[in-house]
Amino acid sequence: MHSTRPESLTRRLLRDSAYVLPGLPIALFGASLLLTLLAVSIATAPLWVGALVLPLTLVTASEFAELSRRRLQIWGAELAPVTYRPRDPGLSGRLRPVADPRRWLDLIFEMILALPVRLVTFVVAILWILMGPVGLTYFFWSRFIPGERGLIRLLELIGPALVPATAFWQYVLDSAVFFILGVVFLVTLPAVMRGLAALDALLATSLLGAGGRGRLIPLEHPQAHPLERTLSRAAVGRPEARIAESSASFSAAAWSWIGICFAAVVLFAVAWPLTTTVYEIHPALALILTLAHCLSLVLTLKLPWAGIGASVMVSAALMGATAEAGVGIWPWPVTAMLIQCGVILVAALREPWYCAASGWAASALLTAAAIVMAAPELPDGAVGTGIVFASVGVAVAVLGSLTRQWIRDADRLEVSERTSAQQSRRRRELEERNRIARELHDVVAHSMSVISVQAATARYRLNSISPEAQQEFEEIARSSRQALSEMRMLLGTLRSEEEAPTGPTPGLAEIHSLVEATRASGTPIRVTGLDVVEASSAVGLAAYRMVQEGLSNALRHAPSSTIEVSAELTGEGPGDFADTRHLLIQVRNTAPPHPVSVPAPGAGLGLEGIRERVSAVGGTVETGETPDGGYFIRAAFPL
């Protein structure tokens, strides 16, 4: 770590400020635009124009949501990737965004939820930024304020002796207090900005990530940009930096939080004034009880048992506070009954049936206890209210439990269908592999067998064969037998349902044998530097296949040319790769001495396979023509 702490705090403050301050203008513009488009789509719905404007509104909301995701990533957060339903060409494809819940969630976030949060964070950030300089410079600018400070300034200009001692020292004391407050605001500014940015990012990460998944990345290096850390972690594959990808377009967790919080806010807005006016209790007490009851509804979504316990205790306090009003709708006010039924419903959807049953039973026992305790002065209709709550509560519990079971059955059915589809795909793959194996056996294996037999029997069929030609035929026979052996292993792998068998794989040491076998064809090959370094088995196999492909291409496309196989260790790289060494292997051939009359056929699949192999171990491949008309393949493998 080569930076000092003030530098890291400065960079952090600038990054947090760059995330928080632009948030409000973006939210204002996005919310106004989306609200306008939504109003136009609703107003023109009878004319069927809204059917075209509404998808445009949802797509625009997704674009604003994507902008929020990019801002989060630049700030330093990680989000689980989201996907949207594909948009096909044609009118039906244009209307498909309307049926995508992910886009509706983006619309709700950008049009409703983001604006108040970013308004609060922006106002607090601006006030905190301004209060520091204002407090530090209070001694100077306050002297020009009309009133007492202005009088002191005027007396100072006329004559210092005319300034009253008490006024002067009060002015000094005020300046000292404001100076201390300014220092406090400046010192705490990085932490406050960090908290404001984290608050905004926490809401955005929970609602904009797939399934509500995401994470705020802690600082690891003061000079490292968050996006650079994210990309570097992904490159090196650190497990702690990975967020599981999801192809789900529907975020059930985010929708649940939005729905429950919205219901809690609406119920609180209705319950507080009704409880205050109808039951004639103090507004502060009504505020505390109704707010606690609504918060218990939100708590049930996270901790069902704790939410049920909190709601029952708040309901007991609410019954006691409203008992003296003498209202017939007691012991459950209508709003309290709705909130308690909502708690039971959320518990039924979150946990097995006995959780909701316990909540209903506790609420019913509380109702009976309240009626019994108030029996001498029981209001008219209290028993009926208790019966209504018991009936509605048990219906809500049963409905929620049945809905939860239906959702679980639907999930099991989806998993079963997915498993069946995977098995069907696996069966089709096996059938295709068997077909390929039959084709290889009937065509390639037969041709290789004929080549092997002809090469092995040439010495007996041809009387005037020279020793050199006989050696050549023996090499052909050996190579064809080796190819047949590898072909049989490949056929066995294709026809088997098991994984490919493991065994010794060629590496750097086997490149010499490969070169010697290729030299038997009469091609001059120079080898340099193959013994310079040891490498892992994966790198060795990729290097072997790369040299094999280079030699094969040189023999087919540039016969009788000179081939050079070289290996060397590269120097140290720049920047973050200063400690990384690379093994550079090159296969280079000169131009053929005679023009090739019939070019050898090729589809380029060999080079593509080499690129895939080398990329799999983190290397790079270069190919191209040499100045003398030859060709080269060069690969760099990290060590």
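Note that the structure is a prediction, hence the values are computed from the model and not measured. Along the sequence shown, residues are numbered consecutively beginning with 1. Reckoned from all heavy atoms, side chains included, excluding hydrogens, waters and symmetry mates.
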Evaluate the side-chain proximity of [Y] to [X]: yes if any heavy-atom separation is below 4.5 Å, no if none is.
X    : Y    : result
T290 : T335 : no
D200 : V20  : no
R12  : P190 : no
R69  : D106 : yes
L21  : I126 : yes
L318 : T275 : yes
D100 : L58  : no
P331 : F389 : no

request  = May I ask you to decide whether D409 forms a salt bridge with R412, counting only side-chain N to carboxylate O separations under 4.0 Å?
outcome  =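 Result for this pair is yes, salt bridge flagged.
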So which heavy atom on [X] is nearest to which on [Y], and how close?
X    : Y    : answer
I308 : A347 : CD1-CB, 3.7 Å
A61  : L107 : CB-CA, 3.6 Å
M319 : T367 : CE-OG1, 4.3 Å
E110 : L34  : CB-CD1, 3.7 Å
C355 : P304 : SG-CB, 4.0 Å
L28  : S32  : O-OG, 2.8 Å

Indicate yes or no for a side-chain donor-acceptor contact from [X] to the backbone of [Y] under 3.5 Å, with no hydrogens or angles considered.
X    : Y    : value
S41  : L38  : yes
R350 : T300 : no
T121 : R118 : yes
R71  : Y19  : yes
W272 : P283 : yes
R85  : R96  : no
W353 : V398 : no

Between [atom1] on residue [X] and [atom2] on residue [Y], distance to nearest 0.5 Å:
X    : Y    : atom1 : atom2 : answer
L181 : L186 : CG    : CG    : 11.0 Å
S615 : R613 : OG    : CZ    : 12.0 Å
L105 : L208 : CG    : CG    : 7.0 Å
F179 : T137 : CZ    : OG1   : 10.5 Å
T57  : W104 : OG1   : CH2   : 8.5 Å
L33  : M111 : CG    : CE    : 11.0 Å

request  = Answer yes or no: does atom CD of E280 have more than 12 heavy-atom neighbours from other residues, nucleotides or ligands under 6.0 Å?
outcome  = no
task = Report the C-alpha separation of V134 and F185 in whole Å, then their side-chain angles, then the decisive distance to 0.1 Å, and conclude whether the side-chain contact (heavy atoms from CB on, under 4.5 Å) test is met.
result = CA-CA 10 Å; V134 167; F185 275 99; over 6 Å; no
task = Kindly indicate, with the supporting measurements, whether the criterion side-chain contact (heavy atoms from CB on, under 4.5 Å) is fulfilled by T205 and L72.
result = CA-CA 8 Å; T205 302; L72 281 170; 4.1 Å; yes
Quiz: residues 336-344 side-chain donor-acceptor pairs under 3.5 angstrom, not counting sequence neighbours:
unit_1, atom_1, unit_2, atom_2, d
Q340, OE1, H293, NE2, 3.0
Q340, OE1, S315, OG, 3.3
Q340, NE2, S311, OG, 3.3
Q340, NE2, S363, OG, 2.9

Under 3.5 Å donor-acceptor pairs involving side-chain atoms of residues 262-270, not counting sequence neighbours:
none

request  = Mind running side-chain contact (heavy atoms from CB on, under 4.5 Å) on I108 and L113 for me, showing each step along the way?
outcome  = CA-CA 7 Å; I108 292 176; L113 302 179; 4.2 Å; yes
query = Do T188 and W128 have side-chain N/O donor and acceptor atoms under 3.5 Å apart?
reply =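 Side chains of T188 and W128: pair found under 3.5 Å.
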